[in-house]
Amino acid sequence: AQSVTQPDIHITVSEGASLELRCNYSYGATPYLFWYVQSPGQGLQLLLKYFSGDTLVQGIKGFEAEFKRSQSSFNLRKPSVHWSDAAEYFCAVGLYTGTASKLTFGTGTRLQVTL
Amino acid sequence: GAVVSQHPSWVICKSGTSVKIECRSLDFQATTMFWYRQFPKQSLMLMATSNEGSKATYEQGVEKDKFLINHASLTLSTLTVTSAHPEDSSFYICSARDPLAGGRSNEQFFGPGTRLTVL
């Protein structure tokens with residue numbers, strides 16, 4: 001079964017500083033990988049996804065992530081964090097078999113941005 | 001495009017009553033919808049997969065008689081929490097998949113969530 005690990009429960013960065021959120025996955029085949037962001041009391045917004053091809057993926061809001069098969073990682077990065085980026089970030093791996101699909105989420109990383 | 005709505009956004013009910021939560025795909029047909037539960041400061045846990053016109057597939061440990069799922073049309077799935085108790089209080093999030101979305105057919109589009117509080 002697939003699994004996702006987000007080692008950092010909580011991260012605090014200063015506004016304008018760079019950010020990297022870690023994500024490691026366990027999956028027997030080439031995974032479908034996603035990063036979602038959740039603001040308090042809200043649903044999930046897709047930041048970016050990796051299905052195949054270029055391992056460096058660009059997303060919305062200036063985020064990017066790099067798929068590294070050798071490290072089973074899909075870390076999320078942003079060169080300069082804005083105060084509005086404070087939220088909960090979830091990494092997820094997708095299992096797809098024909099018409100079925102299932103997402104497994106990591107435990108999330110809460111990002112706090114200091115001014 | 002690919003908007004999913006949930007209703008209600010929050011609900012408070014008395015213990016022992018049943019609560020129905022609706023999940024709608026507004027601009028696409030969703031043959032598959034998913035129901036997740038999220039406890040405070042925790043991740044999303046998949047409860048069940050709902051397929052239009054057939055019975056839902058429940059994850060291990062989820063009581064199917066407690067959480068009734070109906071996917072009667074291509075744009076609507078409902079989750080009914082029967083005989084709710086305080087431990088059922090949680091944030092319930094649905095998502096939907098558009099199998100005709102081409103390159104996006106494997107994405108899930110999430111609703112804004114429903115916060116259930118059982119007194």
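Just so it is clear: chains get the letters A, B, ... in the order the sequence lines come, proteins before strands, and each one is counted from 1. Computed from a predicted structure; not experimentally measured. What you see below is based on every heavy atom in this structure, not just the backbone, and it leaves out hydrogens, waters and symmetry mates.
Remark: D85(A) does not engage K61(A) in a salt bridge, criterion side-chain N to carboxylate O under 4.0 Å.
Pairs engaging residues 5-21 of chain B under the side chain to side chain donor-acceptor pair (under 3.5 Å) rule: Q6(B)-T114(B) [sequence neighbours left out].
Side-chain N/O atoms of E52(B) and Q29(B) include no donor and acceptor closer than 3.5 Å. Using modelled atom types and a 3.5 Å distance limit, the side chains of N51(B) and T32(B) yield a donor-acceptor pair.
Scanning residues 106-114 of chain A against chain B with a 4.5 Å non-hydrogen threshold yields G106(A), T107(A), R110(A), sorted by number.
When Q45(A), Q6(A), Q42(A), E88(A) are compared by the number of non-hydrogen pairs under 4.5 Å with chain B, Q42(A) comes out ahead. Interface summary for chain A: among G113(B), P112(B), G111(B), C94(B), the most heavy-atom pairs under 4.5 angstrom belong to P112(B).
Residues passing the ring pair (Phe, Tyr, Trp, His ring centres under 6.0 Å) test with Y50(A) are F67(A), sequence neighbours excluded.
Looking at L46(B), the atoms closer than 4.5 Å to chain A (heavy atoms on both sides) all sit in the side chain, from C-beta outward. Interface remark: F90(A) contributes side-chain atoms only to the contact with chain B (heavy atom separation under 4.5 Å).
In this structure, V19(B) belongs to a hydrophobic cluster whose other members, linked by side-chain heavy atoms under 4.5 Å apart, are V11(B), I21(B), W35(B), M47(B), Y58(B), V62(B), F67(B), I69(B), L79(B), V81(B), Y92(B), L116(B), V118(B).
The aromatic rings of F34(B) and Y36(B) sit tilted, their planes meeting at an angle between 30° and 60°.
Annotation for I60(A): atom CD1 counts as buried by contact number, over 12 foreign heavy atoms lying within 6.0 Å.
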